[in-house]
K.L.:
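What follows is a structure written as structure tokens; I'll ask about it next.
All of these numbers come straight from a predicted model, not from anything done at the bench.
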Amino acid sequence: MHVVTFTRSTPDTAARVWVNDEGEVTWGDVGTVVNPWDEYSLEETIVQAKHGGGESTVIAIGSDLHNDALKHSLAMGIQNALRVDETGADANDSLVWSALAAGAIRKLDDVDLVIFGKESVDVATDQHTYQLARRLGWTMLNFVSQIIETDYAAGTIQAQKMLERGNQVVSARLPAVISVMKGINEPRYPNFLGIRKAAKAQIPVWSAADLGISIPAAATSALRYFSPPERETATEMISGNNVKAQAATLVDRLFAEKVL
């Protein structure tokens with residue numbers, strides 16, 4: 001039994017991101033963090049692999065920027081890490097990304113379950129998860145808030161999904177691809193021993209040739225990046241003898257501006 005998850009390094013959500021004079025997106029010298037949604041998929045991968053008495057692997061697609069996320073994953077307790085990188089391939093294009101990811105899953109050969117976080121915060125999308133499931137021909141379960149049972153001997157999974165107005169319990173055959181929600185677990189913090197071990201880890205890098213695949217043409221291309229124009233703003237401090245008077249003045253102003 002083998003459980004696999006994917007991760008990536010993203011700018012800190014508190015970092016200021018802008019476009020520099022060369023037209024490149026940058027966040028200065030602020031460090032990267034593990035994609036916040038992946039904290040839950042990493043934890044669930046560890047739990048499910050342990051539950052099934054199997055193996056856990058984390059994969060990143062793209063440049064060595066993502067090595068920090070991989071080492072964080074190892075420090076948490078994931079057993080194996082690898083990175084897939086192909087020179088000239090646009091890993092931000094979901095078709096290219098999913099082709100490389102599917103190639104890695106097939107090369108591993110024994111994968112039963114692939115777990116994703118809800119989305120990637122830097123590109124604000126989750127379409128790559130569905131494309132991977134489609135390429136593999138596996139069942140896709142999204143918005144999973146609880147894995148109720150995994151029976152690897154029988155090859156089945158039962159999960160609870162979050163809907164807009166409730167929850168839904170579904171069953172599916174393995175292998176499967178799932179995306180999990182915040183709250184499915186409480187992600188662990190890497191301990192000192194795990195951090196030291198991960199720091200020394202050598203992360204293998206696979207190319208498209210290693211996977212035995214051809215890279216599809218990217219369906220999208222970025223023509224240019226630019227920062228939005230700065231907006232002039234004005235701030236007014238509302239004065240008054242007490243909070244009640246200040247609140248009344250604020251309400252009057254909101255009505256006058258037709259906000260309320």
Side-chain angles (χ1 to χ4, degrees), residues 5 7-21 23-47 65 68-69 72-73 75-76 92 94 115-130 141-148 159-170 178-192 195 222 224-260:
T5 188
T7 193
R8 60 191 287 120
S9 296
T10 65
D12 191 310
T13 52
R16 175 179 174 266
V17 179
W18 73 95
V19 179
N20 62 22
D21 294 337
E24 301 169 333
V25 178
T26 182
W27 48 91
D29 57 1
V30 177
T32 59
V33 298
V34 174
N35 175 44
W37 287 105
D38 293 347
E39 296 279 1
Y40 304 96
S41 54
L42 289 167
E43 175 66 25
E44 199 61 29
T45 297
I46 296 170
V47 170
L65 169 72
D68 286 345
H72 177 90
S73 305
M76 283 182 67
N92 289 321
S94 59
I115 304 179
F116 283 97
K118 177 178 175 290
E119 64 181 32
S120 300
V121 296
D122 54 340
V123 290
T125 184
D126 64 351
Q127 62 190 14
H128 55 292
T129 64
Y130 301 92
L141 302 177
N142 60 350
F143 306 130
V144 172
S145 58
Q146 180 187 359
I147 296 178
I148 298 171
Q160 178 176 283
K161 295 177 53 175
M162 292 180 63
L163 303 179
E164 186 175 355
R165 296 187 179 181
N167 296 311
Q168 179 185 45
V169 175
V170 296
I178 71 172
S179 63
V180 299
M181 303 295 291
K182 178 180 179 180
I184 190 172
N185 54 48
E186 185 64 35
R188 70 192 68 190
Y189 289 100
N191 58 39
F192 180 70
I195 293 171
R224 69 186 180 103
Y225 294 102
F226 58 95
S227 297
E230 293 188 8
R231 294 183 296 177
E232 293 186 4
T233 59
T235 302
E236 177 185 350
M237 299 301 295
I238 296 176
S239 59
N241 295 328
N242 52 55
V243 173
K244 185 176 180 180
Q246 292 173 322
T249 302
L250 174 60
V251 171
D252 289 342
R253 292 296 302 275
L254 292 175
F255 273 113
E257 297 293 332
K258 298 182 178 180
V259 176
L260 296 177

K.L.:
Please enumerate all residues that pass side-chain hydrogen bond (donor to acceptor under 3.5 Å, both in side chains) together with Asp252, with sequence neighbours excluded.
P.N.:
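Asp252 satisfies side-chain hydrogen bond (donor to acceptor under 3.5 Å, both in side chains) with no residue once adjacent residues are dropped.
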
K.L.:
How close do Arg188 and Val47 get, counting heavy atoms only, and between which atoms?
P.N.:
NH2-CG2, 4.2 Å

K.L.:
Distance from Arg8 atom CZ to Asp122 atom CG, nearest 0.5 Å?
P.N.:
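Atom-to-atom, Arg8:CZ and Asp122:CG are 4.0 Å apart.
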
K.L.:
Please tell me if the side chains of Asp12 and Trp27 come closer than 4.5 Å, counting only heavy atoms from C-beta onward.
P.N.:
no

K.L.:
State whether the number of non-hydrogen atoms from other residues, nucleotides or ligands found under 6.0 Å of Met181 atom CE is greater than 12.
P.N.:
yes

K.L.:
Mark yes or no for whether Ser179, through its side chain, and Phe116, through its backbone, hold a donor-acceptor pair below 3.5 Å.
P.N.:
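No, the answer is negative, given that no donor and acceptor are paired below the 3.5 Å cut-off.
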
K.L.:
Check each of Ile115, Ile46, Asn35 against Ser41 using the side chain to side chain contact (heavy atoms under 4.5 Å, CB included) test, and report the only one that passes.
P.N.:
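For Ser41, the side chain to side chain contact (heavy atoms under 4.5 Å, CB included) test succeeds with only one of Ile115, Ile46, Asn35, which is Ile115.
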
K.L.:
Heavy-atom count check: over 12 atoms from other residues, nucleotides or ligands less than 6.0 Å from Glu186 CD?
P.N.:
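Counting neighbours around CD of Glu186, 12 or fewer heavy atoms of other residues, nucleotides or ligands fall under 6.0 Å, so no.
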
K.L.:
Let's go through Lys182 and Trp37 carefully: what are the C-alpha distance in whole Å and the side-chain angles of both, what is the deciding distance for side-chain contact (heavy atoms from CB on, under 4.5 Å) to 0.1 Å, and is it a yes or a no?
P.N.:
CA-CA 7 Å; Lys182 178 180 179 180; Trp37 287 105; 3.7 Å; yes

K.L.:
Could you please spell out the steps behind the side-chain contact (heavy atoms from CB on, under 4.5 Å) verdict for Asn167 and Lys161?
P.N.:
CA-CA 6 Å; Asn167 296 311; Lys161 295 177 53 175; over 6 Å; no

K.L.:
If you round to the nearest 0.5 Å, how far is CD of Glu39 from OH of Tyr189?
P.N.:
8.5 Å

K.L.:
What are the two closest non-hydrogen atoms of Tyr130 and Asn142, and how far apart are they?
P.N.:
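Heavy atoms only, the tightest pair is OH-ND2, 3.0 Å.
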
K.L.:
Just do the side-chain contact (heavy atoms from CB on, under 4.5 Å) check on Lys118 and Asp126 with the steps written out, would you?
P.N.:
CA-CA 7 Å; Lys118 177 178 175 290; Asp126 64 351; 5.6 Å; no

K.L.:
Which heavy atom of Ser73 sits nearest a heavy atom of Ala69, and at what distance?
P.N.:
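What the structure gives for the nearest pair is OG-O, 2.8 Å.
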
K.L.:
Are more than 12 heavy atoms from other residues, nucleotides or ligands located less than 6.0 Å from atom CG of Asn242?
P.N.:
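Result for CG/Asn242: enclosed.
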
K.L.:
Which pair of heavy atoms, one from Tyr40 and one from Gly183, lies closest together, and at what distance?
P.N.:
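Heavy atoms only, the tightest pair is CE2-N, 3.9 Å.
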
K.L.:
Can you tell me how far the CD atom of Gln160 sits from the CG atom of Leu141, to the nearest 0.5 Å?
P.N.:
12.5 Å

K.L.:
Is there a side-chain contact (heavy atoms from CB on, under 4.5 Å) between Thr10 and Asp38 once you walk through the steps?
P.N.:
CA-CA 11 Å; Thr10 65; Asp38 293 347; over 6 Å; no

K.L.:
Between Thr26 and Asn20, which heavy-atom pair has the shortest distance, and what is it?
P.N.:
CG2-CB, 4.1 Å

K.L.:
Measuring from Glu119:CD to His128:NE2, what's the distance to the nearest 0.5 Å?
P.N.:
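Glu119 CD to His128 NE2: 9.0 Å, rounded to 0.5 Å.
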
K.L.:
As an exercise, state the distance from CG of Asn185 to CD of Gln146, rounded to the nearest 0.5 Å.
P.N.:
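Going from CG on Asn185 over to CD on Gln146, the span is 11.0 Å.
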
K.L.:
If I compare all heavy atoms of Ile238 with all of Gln246, which pair ends up nearest, and what's the gap?
P.N.:
O-NE2, 3.3 Å

